[in-house]
Amino acid sequence: MFTEDRVVLKAEQLNDNDVSSLIELSSSVGWDYDDHEIKTILSSGKIYGHKTPEGKIVSSAAIIPYDTNLASIGMVIVHSDYRGLGLGKAVTQQCIASVSKKTSIMLISTDEGKPLYESLGFRTVDVVHKFLCENFVCESLEVNYEFTLDTYKVEGFHQMMELDAAAFGDQRSKFLINRIEQCKQCIVVKDQNSQIIGFGLSVQGPINLIIGPIVASDFKTAASIMKELASNHHGKLRIDVPSGHHDFMTFLHTCGFNKVNDPPIMMKNSSTMPNRNQKLYAIAAQVFG
């Protein structure tokens with residue numbers, strides 16, 4: 001509990017009735033969460049926050065637990081008028097306490113948030129590369145006849161989930177179901193035997209079309225997926241790329257993307273990243289790890 005002008009603020013779990021207030025909070029710090037994104041977070045995990053007596057939400061933090069031993073924290077926000085009261089630390093601790101002590105917890109930090117997370121036992125283990133694009137232009141890619149791009153159908157979900165688990169480092173079935181329902185477009189890559197060997201999603205946010213996740217066997221397949229998702233979009237784009245994909249990031253530059261920063265990936269209860277097979281070319285969003 002925290003007192004500000006003799007008002008006690010208590011951290012509590014938030015719900016669908018709080019979506020509009022959470023959007024206002026995120027806008028106050030220049031973040032572009034919308035109702036679809038927040039509802040996907042709520043349906044995949046939990047959001048905690050502090051409310052004023054008038055019901056205004058002045059802090060938030062979300063945790064998305066995945067199927068076995070991994071969870072992701074994000075959406076850690078404190079309204080500028082309520083900083084210095086320990087609210088960000090309190091809601092992050094609520095998130096940590098909501099999962100087993102054996103659960104590895106990951107988050108993608110801002111520079112401002114890093115000291116807070118270090119004080120809670122998080123350590124930097126890697127970075128992610130954030131790219132933005134104002135005007136997407138892509139030269140034609142060489143056609144690869146070893147695979148075809150197709151529209152996602154529900155009967156392909158289990159193949160997608162297995163590919164995602166190996167690429168991400170944990171199975172996340174509930175999140176994938178919710179993300180597919182939210183997405184603007186979901187495409188799959190099929191080999192000559194009609195087996196799914198990759199996939200990609202796009203989600204329309206209030207400012208950017210978010211490209212990701214992308215799971216692919218190699219750079220050229222990932223580039224084909226990205227182009228398919230971005231080509232018919234007229235507006236701004238965003239993609240967040242895990243480290244280790246230099247060729248893919250070079251390709252993004254040729255399409256009009258610019259890297260804007262390299263936020264750190266931090267872990268608690270683990271000293272390394274989840275075991276990944278290097279086939280994750282774009283994450284879904286920073287809140288989802």
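Placement of I64 and I108 within a single hydrophobic cluster is found when ILVMFWY residues are connected by side-chain heavy-atom separations under 4.5 Å, directly or transitively. Cluster membership check: V128 does not share its hydrophobic cluster with L252, using side-chain heavy-atom separations under 4.5 Å among Ile, Leu, Val, Met, Phe, Trp and Tyr. Cluster annotation: V287 is connected to I283 through the hydrophobic network of ILVMFWY side chains, with a link wherever side-chain heavy atoms come within less than 4.5 Å. Criterion: ILVMFWY side-chain heavy atoms under 4.5 Å apart, direct or through other members. Under it, F199 and L149 are not part of a common hydrophobic cluster. No continuous path of hydrophobic side-chain contacts links I210 to W31 [ILVMFWY only; heavy atoms under 4.5 Å].
Scanning for salt bridge (charged side-chain N to carboxylate O under 4.0 Å, His left out) contacts around K174 gives an empty result, with sequence neighbours left out. The side chain to side chain contact (heavy atoms under 4.5 Å, CB included) search around L132 returns K130, N208, R238, V260, not counting sequence neighbours. For Y281, the ring-ring contact (aromatic ring centres under 6.0 Å, His included) criterion is met by H245, F248, not counting sequence neighbours. Considering only residues two or more places apart in sequence or on other chains, D262 meets the side chain to side chain donor-acceptor pair (under 3.5 Å) condition with H129, K259. Under the rule for a side chain to side chain donor-acceptor pair (under 3.5 Å), the partners of Q171 that lie at least two apart in sequence or sit in another chain are D67. For T250, the side chain to side chain contact (heavy atoms under 4.5 Å, CB included) test picks out H246, with sequence neighbours left out. Under the ring-ring contact (aromatic ring centres under 6.0 Å, His included) criterion, Y48 pairs with no residue, sequence neighbours left out. For the side chain to side chain donor-acceptor pair (under 3.5 Å) test, residues two or more places apart in sequence or in another chain that qualify with T68 are D170. When the side chain to side chain contact (heavy atoms under 4.5 Å, CB included) test is applied to D191, the partners found at least two apart in sequence or on another chain are N193, Q195, I197. Here Q204 pairs with K184, L209, H233 under the side chain to side chain contact (heavy atoms under 4.5 Å, CB included) rule; sequence neighbours left out.
Using modelled atom types, one side-chain atom of S26 and one backbone atom of I23 make a donor-acceptor pair closer than 3.5 Å. Looking only at distances, no side-chain donor or acceptor of T221 sits under 3.5 Å from a matching main-chain atom of S217. A donor-acceptor pair is defined here as one N or O able to donate and one able to accept, closer than 3.5 Å; no such pair exists between the side chain of R276 and the backbone of A166. A donor-acceptor pair under 3.5 Å links the side-chain atoms of S119 to the main chain of L116, judged by distance alone. A donor-acceptor pair under 3.5 Å is absent between the side-chain atoms of K227 and the main chain of C138, judged by distance alone.
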Check the pair F131 / H253 against ring-ring contact (aromatic ring centres under 6.0 Å, His included), numbers first and verdict last. CA-CA 9 Å; F131 286 82; H253 282 294; 5.4 Å; yes
Stepwise side-chain contact (heavy atoms from CB on, under 4.5 Å) test for K153 and E155: CA-CA 6 Å; K153 297 178 179 62; E155 55 265 27; 3.6 Å; yes
Passes side-chain contact (heavy atoms from CB on, under 4.5 Å), V188 versus I196? Steps please. CA-CA 6 Å; V188 296; I196 296 174; 4.1 Å; yes
Determine whether V127 and I265 satisfy the following criterion, side-chain contact (heavy atoms from CB on, under 4.5 Å), listing intermediate values before the conclusion. CA-CA 5 Å; V127 298; I265 302 174; 5.6 Å; no
Apply salt bridge (charged side-chain N to carboxylate O under 4.0 Å, His left out) to the pair K268 and E118, showing each step before the final yes or no. CA-CA 9 Å; K268 181 179 175 67; E118 288 176 338; over 6 Å; no
Apply side-chain contact (heavy atoms from CB on, under 4.5 Å) to residues D164 and M160 and explain how you reach the verdict. CA-CA 6 Å; D164 182 74; M160 278 182 55; over 6 Å; no
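Looking at heavy atoms from C-beta onward, R172 lies out of side-chain contact with M161 at the 4.5 angstrom threshold. Side-chain contact between V241 and I239 is present, with heavy atoms from C-beta onward closer than 4.5 Å. F257 has its side chain out of reach of F251: every pair of non-hydrogen atoms, C-beta onward, lies at least 4.5 Å apart. In this structure, L42 and I47 have side chains that are in contact, with non-hydrogen atoms separated by less than 4.5 Å. Between L201 and I211 the shortest side-chain heavy-atom distance does not fall below 4.5 Å. With a 4.5 Å cut-off on side-chain heavy atoms, I225 and I187 count as touching. Between L25 and Y33, every side-chain heavy-atom pair lies at or beyond the 4.5 Å cut-off. Contact of the Y117 side chain with the I73 side chain is not registered, since no non-hydrogen atoms from C-beta on lie closer than 4.5 Å.
Using a cut-off of 4.0 Å between Lys/Arg side-chain N and Asp/Glu carboxylate O, E112 and R83 are scored as not salt-bridged.
Note that CZ of R179 and CD1 of I41 are 8.0 Å apart. Values are rounded to the nearest 0.5 Å. For the atom pair CD (Q185) and CD1 (I180), the distance works out to 13.0 Å, reported to the nearest 0.5 Å. Atom-to-atom distance recorded for F147:CZ and S194:OG is 14.5 Å, nearest 0.5 angstrom. Atom CD1 in I207 sits 13.0 Å away from atom CG in L237 (nearest 0.5 Å). Separating the SG atom in C255 from the CG atom in N135 is a distance of 11.0 Å, to the nearest 0.5 Å.
For an aromatic pair to be called close, the ring centres must be under 6.0 Å apart, and F168 with Y66 satisfies this. Between F175 and F288, the gap from one ring centroid to the other is short of 6.0 Å.
Contact record, C183 with S202: CB-O, 3.2 Å, taken as the closest heavy-atom pair. Here the closest heavy-atom approach between residue V125 and residue S271 is recorded as CG1-O, 3.4 Å.
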Sequence neighbours excluded and cut-off under 3.5 Å, please list the side-chain donor-acceptor pairs for residues 54-62, or say none.
residue, atom, partner, partner atom, Å
E54, OE1, T52, OG1, 3.1
S59, OG, H50, N, 2.9
S59, OG, H50, ND1, 2.7
S60, OG, M75, O, 2.8

Side-chain donor/acceptor pairs under 3.5 Å, residues 93-107, sequence neighbours excluded:
residue, atom, partner, partner atom, Å
S98, OG, C95, O, 2.6
S100, OG, K102, N, 3.0
T103, OG1, S100, O, 3.3

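A 6.0 Å sphere centred on CD of E146 holds no more than 12 heavy atoms belonging to other residues, nucleotides or ligands. Open room surrounds NE2 on H158; 12 or fewer heavy atoms of other groups in view lie less than 6.0 Å from it. By the neighbour-count criterion of 12 heavy atoms within 6.0 Å, atom CD of Q13 is densely surrounded, having more than that number from other residues, nucleotides or ligands. Counted within 6.0 Å of CG on N15, heavy atoms from surrounding residues, nucleotides or ligands total more than 12; the atom is thus considered enclosed. Heavy-atom contacts from other residues, nucleotides or ligands closer than 6.0 Å to NE2 of H36 number 12 or fewer.
Judged by distance alone, the side chains of S21 and D18 never bring a donor and an acceptor atom under 3.5 Å apart.
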